[in-house]
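Report on the structure given below.
The model shown is predicted, which means the values in this text are computed figures rather than measured ones. Below, each value reflects all heavy atoms present in this structure, side chains not excepted, and no hydrogens, waters or symmetry copies. Numbers here simply count residues along the sequence, with the first being 1.
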Amino acid sequence: MKTLSDLVNARIPQMQSWRRDLHHFAESGWLEFRTATIVAEELHRLGYQLKLGRDVIDADARMGLPSDDVLAQQESRALEQGALPQWISHFSGGFCGVVATLETGRPGPVMGFRVDMDALDQNESRDADHIPTREGFASCNPGMMHACGHDGHTTIGLALAGVLMEMKDQLSGTIKIIFQPAEEGVRGAKAMVAAGVVDDVDLFTAIHLGTGVPAGEIVCGSDSFLATTKLDVIFTGVGAHAGGKPEEGRNALLAAAQATLALHNLPQHSGGVARVNVGVLQAGSGRNVVPDYALMKVETRGVSNQVNDDIYQQALRVISGAAAMYGVEYDIKLMGGARSCTPSQPWVDFIHQQADAMGIFTSVVDTKKQAAGSEDATYMLERVQQRGGQSSYVIFGCDLAAGHHNAKFDFDEAIMATAVQTLATLALNQAQFGGQR
């Protein structure tokens, strides 16, 4: 009888092939058309029950959606690059989510695993010392690159699905593997939560590789994520001749500039770490025209949901005041968001115990203080906990060629097999966990 290790090791060549294919055909958030069709086809072949597209993504809860023209263009691009026509209609309009369910037929909890699929909006290095370039699998799509390891996450999800199906007779309860679009910019998880994809989940695990955790180490319950809100602000003024009739204008650029300076004076809160950043400011059309338009791209962050919410409300007041000062109108569009969430300690303890027993990690830790970022899987962790379940966020340390979101990012592909073996171990041994609802 084959062991779990045997089953995982047998899939290593396929994992490398999947990962490099996904890396080459990188697709940004809400545009994962080709990726989603490949995922759906493999899961269907394995015999999973599938829910796709609008069945797992609430249309009204999506944030940061590209324009209809971009969605249509990128769907056509995906078909040209090998997206499977029999599946793509499920994902039209950017509904690129997949949830695969395995019913074992034996009583037990519902276990959920979440992996993300999207690339970043950046160009990949073409330097000869960059392995994807040297070995011919660097991204072929301009302005799209897997610079955060989500190609590896998707591959882990697919390989895990194969291993668990092969070991179905040794499992109990229900397994759900959630393939999420649009994690970058923290845009996709909220819409999947709103569609109810984790409402029945008792034990939930989201994953990431790298993030500065050293090779050989596993973090069983990362809790360093900041709550965040991403917003676009459009100021609309009145254009006028800057020399002849400046008094007839209403200067949108000055309103945006005033707001920018005021926003960067906000991050003070007794509740802990707070952040505000204006990352983009675009305005005006000519040196002799009073600017009638300005776009400002802003984010707030906080160590807790309350801190972020407070800073966000202050930001809204600043924006409103700056608009009033210069007599311009403004409109705000939410582009993304994530929560802060503390993993469930009983589930973290169980993951720690199982990882220790596997004997493949040089270090097993519950949590680790890292550079603060944000992650929208926290919406899923929070929802599972609200409904009485247990949830955690696991990080698999590995060697990186460069930091995340770097044009030369790459990771040691061996970590994918380690992650699959760990997650499968949790599924096989979940009956030993005594803390589920």
Test log, rule side chain to side chain contact (heavy atoms under 4.5 Å, CB included), inputs Leu65 and Leu71: CA-CA 9 Å; Leu65 193 68; Leu71 289 166; 4.3 Å; yes
Start with the C-alpha gap between Thr3 and Val8, add the side-chain angles, then the distance that decides, and say whether side chain to side chain contact (heavy atoms under 4.5 Å, CB included) holds. CA-CA 9 Å; Thr3 66; Val8 173; over 6 Å; no
Within-4.5 Å side-chain heavy-atom neighbours: [X] and [Y]:
X: Leu120; Y: Cys148; value: yes
X: Val98; Y: Val56; value: no
X: Val213; Y: Ile218; value: no
X: Pro181; Y: Met192; value: yes
X: Gln14; Y: Leu158; value: no
X: Leu43; Y: Phe179; value: yes
X: Arg19; Y: His23; value: yes
X: Asp376; Y: Gln180; value: yes

Dump the intermediate steps for side chain to side chain contact (heavy atoms under 4.5 Å, CB included) on Glu32 and Val39, then the final yes or no. CA-CA 10 Å; Glu32 306 94 335; Val39 167; over 6 Å; no
Which heavy-atom pair separates [X] from [Y] by the least distance, and what is that distance?
X: Asp151; Y: Leu22; result: O-CD1, 3.9 Å
X: Gly337; Y: Tyr379; result: O-CE1, 3.0 Å
X: Gly149; Y: Phe411; result: CA-CE2, 4.2 Å
X: Arg34; Y: Ala78; result: N-CB, 3.8 Å
X: Pro66; Y: Leu31; result: CG-CD2, 4.0 Å
X: Val307; Y: Val273; result: CG1-O, 3.5 Å

Scan side-chain atoms only and decide if [X] and [Y] contain a donor-acceptor pair under the 3.5 Å cut-off.
X: Thr133; Y: Glu124; value: no
X: Asp410; Y: His130; value: no
X: Thr174; Y: Lys176; value: no
X: Gln314; Y: Asp310; value: no
X: Ser344; Y: Gln385; value: yes
X: Asn308; Y: Thr300; value: yes
X: Thr236; Y: Glu329; value: no
X: Asp309; Y: Gln313; value: no

Look only at the side chain of [X] and the backbone of [Y], and say whether a donor-acceptor pair between them is shorter than 3.5 Å.
X: Asp58; Y: Ala61; result: yes
X: Thr362; Y: Gly216; result: yes
X: Asp412; Y: Ala414; result: yes
X: Trp30; Y: Met63; result: yes
X: Asp121; Y: Met144; result: no
X: Asp232; Y: Lys333; result: no
X: His352; Y: Cys220; result: no
X: Ser391; Y: Leu381; result: yes
X: Thr378; Y: Arg339; result: yes
X: Arg20; Y: Phe137; result: no

What distance separates [X] [atom1] from [Y] [atom2], expressed to the nearest 0.5 Å?
X: Thr155; Y: Arg11; atom1: OG1; atom2: CZ; result: 13.5 Å
X: Gln81; Y: Gln74; atom1: CD; atom2: CD; result: 8.5 Å
X: Leu209; Y: Ile395; atom1: CG; atom2: CD1; result: 10.0 Å
X: Glu184; Y: His404; atom1: CD; atom2: NE2; result: 10.0 Å
X: Leu316; Y: Leu231; atom1: CG; atom2: CG; result: 7.0 Å
X: Ile177; Y: Leu50; atom1: CD1; atom2: CG; result: 10.5 Å

So with a 6.0 Å cut-off around CG of Asp68, is the heavy-atom count from everything else above 12?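 Incorrect, the count does not exceed 12.
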For His44, does the NE2 atom have more than 12 heavy-atom neighbours from other residues, nucleotides or ligands under 6.0 Å away?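 12 or below, so no.
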Among Lys230, Arg301, Arg275, side-chain hydrogen bond (donor to acceptor under 3.5 Å, both in side chains) partner for Ser374: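 With Ser374 as partner, side-chain hydrogen bond (donor to acceptor under 3.5 Å, both in side chains) holds for just one option, Arg301.
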For a side chain to side chain donor-acceptor pair (under 3.5 Å) check, start with the C-alpha distance between Gln430 and Ser172, then their side-chain angles and the critical distance, and finish with the verdict. CA-CA 8 Å; Gln430 53 82 14; Ser172 59; 2.6 Å; yes
Derivation and outcome, side chain to side chain contact (heavy atoms under 4.5 Å, CB included), residues Cys341 and Met380: CA-CA 10 Å; Cys341 186; Met380 298 185 181; over 6 Å; no
Please determine if Arg383 and Asp199 form a salt bridge, counting it only when a charged side-chain N lies under 4.0 Å from a carboxylate O.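 Here Arg383 pairs with Asp199 in a salt bridge, since their nearest N and O are under 4.0 Å apart.
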Considering only NZ, NE, NH1 and NH2 on the basic side and carboxylate oxygens on the acidic side, decide whether Glu80 and Arg77 come within less than 4.0 Å.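 Salt bridge between Glu80 and Arg77, a charged N being under 4.0 Å from a carboxylate O: no.
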Using 30° and 60° as the class boundaries, would you call the ring planes of Phe225 and Tyr393 parallel, tilted or perpendicular?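 Phe225 and Tyr393: perpendicular rings.
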Is the ring pair Trp347/Phe350 parallel, tilted or perpendicular, if the boundaries are 30 and 60 degrees?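 Geometry flag for Phe350 against Trp347: parallel rings.
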Before giving the answer on side chain to side chain donor-acceptor pair (under 3.5 Å), spell out for Glu183 and His153 the whole-Å C-alpha distance, their side-chain angles and the decisive distance to 0.1 Å. CA-CA 12 Å; Glu183 189 282 324; His153 301 168; over 6 Å; no
